[in-house]
Amino acid sequence: MTGSITISEAALASLIGLTAHEIPGVVGMAPANLKEGISRVLGRANVSDGVVIGREKASDTYTADLYIVAAYGVSIPTVARNIVERVEHTVKNLAGIELSATRVHAVGVQRV
């Protein structure tokens, strides 16, 4: 059987966003840019909010930047490590894609 499978960047961002939300200590995702912030204000939140996918054309690999809001009282470095490990594992197993870099940006802290 021949053919190819293409996974869109939007699908990849959704997969990463859903995975990040499962990590204990993550309250939610934060807008990664002004356009996303405006969409959220207008009530159009999405599971991929706070996830920015980059594609390195030379090596045909992807990077992921996640903008999170952490729960007050948790160890942010521990939460970030857990996110990186789970996201990279999930993306590799479910999408067959290895991320060349996964960066977590804690942009807020909130009481739960």
Side-chain angles (χ1 to χ4, degrees):
M1 184 161 109
T2 60
S4 64
I5 297 172
T6 304
I7 298 172
S8 71
E9 289 182 14
L12 187 59
S14 293
L15 178 62
I16 291 170
L18 288 168
T19 302
H21 277 95
E22 294 177 346
I23 305 298
V26 174
V27 174
M29 306 298 280
N33 56 44
L34 180 61
K35 179 181 168 193
E36 194 174 296
I38 291 170
S39 291
R40 188 175 282 186
V41 168
L42 296 175
R44 292 180 286 206
N46 193 329
V47 295
S48 62
D49 285 354
V51 179
V52 177
I53 302 296
R55 185 164 183 212
E56 299 174 2
K57 294 189 189 266
S59 60
D60 199 32
T61 60
Y62 292 92
T63 62
D65 286 273
L66 292 86
Y67 296 83
I68 68 151
V69 176
Y72 176 77
V74 300
S75 168
I76 294 173
T78 300
V79 170
R81 255 190 316 278
N82 291 340
I83 291 170
V84 170
E85 288 172 5
R86 178 98 52 95
V87 162
E88 289 180 350
H89 178 266
T90 300
V91 168
K92 183 176 181 180
N93 287 326
L94 298 183
I97 295 172
E98 288 202 42
L99 298 171
S100 61
T102 306
R103 295 176 287 268
V104 177
H105 309 270
V107 296
V109 176
Q110 184 176 348
R111 285 192 186 270
V112 190

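Predicted, not measured: the structure shown is a model, and the values here were computed from it. Positions are given from 1, in the same order as the sequence printed here.
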(message) Name the residue from V69, I76, V27 that meets the side chain to side chain contact (heavy atoms under 4.5 Å, CB included) definition with V109.
(response) I76

(request) Could you check T102, L12, V91 and say which one makes a side chain to side chain contact (heavy atoms under 4.5 Å, CB included) with Y62? (result) L12

Within-4.5 Å side-chain heavy-atom neighbours: [X] and [Y]:
{"X": "E98", "Y": "T61", "value": "no"}
{"X": "V87", "Y": "V104", "value": "no"}
{"X": "I16", "Y": "I53", "value": "yes"}

Point-to-point distance, once rounded to the nearest 0.5 Å, from [atom1] of [X] to [atom2] of [Y]:
{"X": "L66", "Y": "R103", "atom1": "CG", "atom2": "CZ", "value": "10.0 Å"}
{"X": "L94", "Y": "L15", "atom1": "CG", "atom2": "CG", "value": "5.5 Å"}
{"X": "L99", "Y": "H89", "atom1": "CG", "atom2": "NE2", "value": "13.0 Å"}
{"X": "H21", "Y": "I83", "atom1": "NE2", "atom2": "CD1", "value": "10.0 Å"}
{"X": "Y72", "Y": "R111", "atom1": "OH", "atom2": "CZ", "value": "5.0 Å"}

(message) Using only atom types and a distance under 3.5 Å, with no angle test, would you say the side chain of S48 pairs donor to acceptor with the backbone of V51?
(response) no

(message) Taking E9 first and then R55, would you say they form a salt bridge - that is, a charged N and a carboxylate O separated by under 4.0 Å?
(response) no

Closest heavy-atom contact between [X] and [Y]?
{"X": "V107", "Y": "A30", "result": "CG2-CB, 3.1 Å"}
{"X": "T78", "Y": "S75", "result": "OG1-OG, 3.0 Å"}
{"X": "V79", "Y": "P24", "result": "CG2-O, 3.8 Å"}
{"X": "A71", "Y": "V74", "result": "O-CG2, 3.0 Å"}

